[in-house]
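A quick note: this is a predicted structure, and the numbers were derived from the prediction, not measured.
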Amino acid sequence: MLLKKKLIIILLSFISIITGCNNTEVKEINIGYIAPMSTRATDLGIAPSKAMQLAIGEYNSSKTKDQPKINFFIEDDKWEKSLALPAYEKLRKEHNIDVVFISNTDGTVELQDKILEDGVIAVNPLNNDKLLSSLNKNTFKIAKSTEEAHKALGIRIIELGLKKVIILHYPNNFMSVGGNAIKNILTENGVENEVIKTEKDQIDFTEILKKAKEKKADAYVFLGYKNFGFAMKQARDLEIKASFFGSTTLLDPDFFSNSEGAIVGTECTFFTPLDGNYILASDFLQDYKKKFGEEPFSIWPPMQAYDAMNIVINEIKKVNEDKTKEQSQVDWLRNRLLNVKYYQGVCGNISIKEDGSSRGIYFSLYKVESDGKLLKIKR
Amino acid sequence: MRISTKLILSFAVIISVLCIEIVLNQIISDNAADTYQKLKNQALPALRILDKFESVNNEFYLLTSNKVYNSNLPLDSQNRLNGILEVEFPYLKTELFHLSENLDKQDEITLKSPEILKLTNELIDLGNQINNLLIIKDNYSDSAKMKVAISLVEEDISAAHANLNTNILILKINYGNLLEDYQNEFAQNLKSLSNIILITGVLGILFGILVAFLVIRSISKPIRALNSAALRVSSGDYDTDIILSGEDELASLGESFNTMTSSLKSNFELIKINNKEIKQQENRIRKVIEASPSAIILMDSEKKISLINAQTEKIFGYARHELIGVSAEKLIPSRLLKMESKVDDIFSSKNKIDTLGIDKNFYGITKDNEEFPVEIRLSFIEIHGQDMILASVVDITERKQQEEDIKKYVDQLKSKNKELEQFSYITSHDLQEPLRTVLSFIDIIQEDYKEKLDDDLNTYLKYISEASTRMSSLIKSLLDYSRIGLKAKVETVDCNTILNSVTADLKYKIDKSRAEINYLALPTIGGFNLELRLLFQNLITNAIKFQKKTEIPKIDISFEENRTHWQFSVADNGIGIKEEFQNKIFIIFQRLHNREEYDGTGIGLSHCQKIVELHGGEIWVESDAGVGSVFHFTISKNI
């Protein structure tokens, strides 16, 4: 009787070992997205989240049975760096995410220690600057270069022969980096400039503008979000006739309404299907409209997010055929992403460099023609 | 050689041909697959990378030239140039590196890839230099910068670009030739494959035709012989024998055929004998049917007559041919065609037997439209799967007539009996009156002339009185006899109750004679209560009365139940009845002993007989003189 019991236990153990071996197959991958879904800069949160859902939906519906299913969870950081970590902790606790996408540059910095500790890959699908590239090995930036985009704006100011430039920027890393990129090119080329950091919730910029007017500034660069719409209106009310320039965020509808039309004529760097792989980009926009009923107002954030998510999916889907038992999932995925040298996405042909930053997405210069409408600038 | 062996050998040869074809195909297919893999994994990827390299190299040269000579270079072009420098060139370098690693060390690409990578790096470096020199429009006004830029484009970039292009071109030509070689080899493989399939296919077909011809010929000849023999057998020639040479299956089939014909012949002879017996049997049955005193009519489900016998012709007056195929309804008066429903009932139930004319008068009709009474018995039968009804018709004209005569006699007899009973009753009743007058006057004479009468006269008067009393008693008995069953009603009678009542009434006699009366539980029967009581009373009284002086009377009453009646027995140990008197005891007023020895009128057993007959039964006696008697009587269950 005792012998029989022992035999049964041995048999059950053997079965559990065999079953355990089979369980190494990855069935599901959980991806989180921390983004501004309310309060501020929602064009950098809502539309990209939909683009990512579209990419995941396309993958899940066409994947083979050996490929893992991808689950997607979103948390709102209200474009506040202080909310990034709690949102991340929540995603980890509730969904045990393997990959986190995060739009906010400051937020990305906030997560650094935790993602390394948890073995999570972080991807910023909107910004790609030198600061981010200096972060830890688990951080990837699949987006346009922040410095390059803003440098192009500085070159434009120089080529327009403007001599005195006031650069106002929102107090976060992205706008700060952008402002410095403009400042550097202007300074290198002898154009007088002043960088002014505004307050986070500031809506009255009259004093700053009055001083700038007194200094006879002939160019105003507004690097920030919808509150700078008030600044533009206040500037025109002060009869400031100088040229306006802006960042990649001008197409927020609230920006236009706050400016009461003063935004028209503002030049900025932007990205449209014409700047990427046109056919793929057009297909994406059609699919987006079909799924969500409307096209995104500001196109570049969802396009970049779509490419970033697809690059990650393109690697994740090979996990069960490529990853060895000895490799941890995070090491495997990091190596796979670092080996992406040519991904033909909607934004262009993208490669990922050794520092986790990407190349291949290049912004162009546009001018605001009316609410939500931009016109490409010819040199 | 057996046919199966021939076929197996033939198929073995064909399969061998197919195997050879498969092996050859496999070898050539492997070669083709190898060539295809080389095409797919070496030549085509190499050419694709080289094409892309060439294209990007040319685009790069155009963009850098354009950038240097055009101060208004669109930002799109600048972005594209950046894309080439940052993405396209590095990607192509990586692809080329991986490709060369997978190729042979002596392969052209492996040999030339270091040179190409070096030139690409050089171009990337030069492109970045141009980008750094010419950032804004003002840079184009700077002659020093422009001089350096032009020099970079026209000398360094131009040279590196041309060098890279030359290397790529050489590789493209080599790989183009290699591709063509692979394609030719692949095509040659396919052609060889096709030829082998064609040749082996043709050989296979020719061999197949040959084998088929030989096999068919070896089979068809004996089959024709078998066919011919089979036709002869089918035409009745069972002496047909065929001889097929060889030892194959057909020869064996020929032997089996001969055995079969022999067997068929003996079987047919047996069948002939059987048919003859069946025919004789049929004739016997036909004769029985024809000889039947009843008219036999066989009809189908549509009531069409298919068979009749001679009696049918006789009683209905039709000739046989006039009835066959005609509806049986023709033989029934139209007013009685209810028979139809009975016939239909029998067809639907399939096993029913029914009658017509038994309970109710039914008539047939002759050819001369004369009706006559008939009794018809209808039976369902199935003949050769067809539902039929067999009608047996009996002409009951004579019987009907006899029944009517009997009825008439019975009625007359009943009337006479009634009259007799009436006469007997009236007579008995009316005779009492003068007797009572005689007795009254004798009493008056004995009372009033007592002193005037001498002894002789008194003695005579006593005789007259006794005779008159006896006569009165006889008349009363006769009256009772005539009254039996007169106003009685049939009712349920418990024989136990009757026996209890009788023994109670006869208690004095029983006690006096110390008689033992034994009976077990008796049945409850249908009958006339008072009459049955009288019956038991008379039989028990007789048993006590006609007892030996030396013995105690023992009376046993028993019964038996039969299908139609009850049979009772009353046995005693009395004096018994001599055989010669046994048939006289039931005659009215018949006495076997003088009155001094055993009193009574001699009508008791006549009463018993009349009561038993009233109950549809019989009464008789079994007796041994000096031993005892057993009186048996029966009571019908259907009074």
Side-chain angles (χ1 to χ4, degrees), chain A residues 128 142 144-145 147-149 151-162 181 184-186 188-191 267-278 338-345 347-354 357-367 376-379, chain B residues 45 48-53 55-57 59-60 63 66-101 117 120-121 124 127-128 130-142 144-145:
Chain A
N128 174 17
I142 304 175
K144 88 280 184 186
S145 162
E147 288 90 345
E148 270 177 21
K151 187 180 171 186
L153 206 60
I155 290 169
R156 175 66 178 165
I157 291 168
I158 293 163
E159 287 183 351
L160 286 171
L162 302 169
N184 289 341
I185 189 76
L186 291 176
E188 278 172 23
N189 288 279
V191 177
E267 294 186 7
C268 63
T269 49
F270 209 77
F271 192 92
T272 67
L274 290 170
D275 302 308
N277 283 322
Y278 183 76
L338 288 172
N339 278 310
V340 174
K341 294 301 168 200
Y342 190 84
Y343 175 79
Q344 202 164 35
C347 295
N349 301 327
I350 300 165
S351 73
I352 294 178
K353 295 172 76 177
E354 295 79 6
S357 65
S358 65
R359 302 303 299 154
I361 302 173
Y362 304 105
F363 274 44
S364 292
L365 281 169
Y366 289 82
K367 182 193 275 186
K376 200 163 190 173
I377 296 170
K378 288 182 182 172
R379 208 171 178 183
Chain B
R48 186 177 59 78
I49 291 168
L50 292 170
D51 280 341
K52 179 87 177 165
F53 235 124
S55 160
V56 171
N57 186 31
E59 194 181 357
F60 170 76
L63 284 167
N66 203 15
K67 182 174 173 70
V68 170
Y69 295 115
N70 180 9
S71 61
N72 288 327
L73 182 76
L75 195 51
D76 290 344
S77 300
Q78 180 62 54
N79 286 341
R80 177 62 189 147
L81 180 59
N82 291 342
I84 289 171
L85 291 171
E86 291 175 344
V87 179
E88 310 269 337
F89 269 148
Y91 163 68
L92 289 169
K93 277 164 52 186
T94 310
E95 286 289 287
L96 188 67
F97 178 73
H98 288 316
L99 181 67
S100 62
E101 273 195 331
L117 293 176
T120 311
N121 286 334
I124 292 169
N128 285 330
I130 296 277
N131 269 346
N132 290 332
L133 274 173
L134 303 173
I135 298 168
I136 57 175
K137 275 185 182 174
D138 287 354
N139 297 142
Y140 289 85
S141 310
D142 186 332
K145 282 186 176 178

Q: Evaluate side chain to side chain contact (heavy atoms under 4.5 Å, CB included) for Asp138(B) paired with Asn189(A), printing each intermediate quantity in order.
A: CA-CA 9 Å; Asp138(B) 287 354; Asn189(A) 288 279; 5.7 Å; no

Q: Mind running side chain to side chain contact (heavy atoms under 4.5 Å, CB included) on Ile185(A) and Ile135(B) for me, showing each step along the way?
A: CA-CA 10 Å; Ile185(A) 189 76; Ile135(B) 298 168; 4.1 Å; yes

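Remark: Gln344(A) engages Asn277(A), Leu280(A), Tyr342(A), Asn349(A) in a side chain to side chain contact (heavy atoms under 4.5 Å, CB included) (not counting sequence neighbours). Remark: Asp76(B) engages Lys376(A) in a salt bridge (charged side-chain N to carboxylate O under 4.0 Å, His left out) (not counting sequence neighbours). In terms of the side chain to side chain contact (heavy atoms under 4.5 Å, CB included) criterion, residue partners of Ser77(B) (sequence neighbours excluded) are, by chain and number, Leu63(B), Leu73(B), Pro74(B).
The two atoms that bring Tyr362(A) and Val87(B) nearest to each other are OH-CG2, 4.4 Å, heavy atoms only. When all heavy atoms are compared, the tightest approach of Glu159(A) to Lys137(B) is OE2-N, 3.2 Å. When all heavy atoms are compared, the tightest approach of Leu75(B) to Ala152(A) is CD2-CB, 4.5 Å.
The number of heavy atoms from other shown groups lying within 6.0 Å of OH (Tyr278(A)) does not exceed 12. Within 6.0 Å of NZ on Lys341(A) lie more than 12 heavy atoms contributed by other residues, nucleotides or ligands.
Note: Asn79(B) CG to Glu148(A) CD = 8.0 Å, rounded to the nearest 0.5 Å. Once rounded to the nearest 0.5 Å, the distance linking CZ of Arg359(A) with CG of Asn82(B) reads 7.0 Å.
Along residues 94-101 of chain B, the residues that come nearer than 4.5 angstrom to chain A, judged on non-hydrogen atoms, are Thr94(B) in order of number.
For Leu365(A), the parts lying under 4.5 angstrom from a heavy atom of chain B are both the backbone and the side chain.
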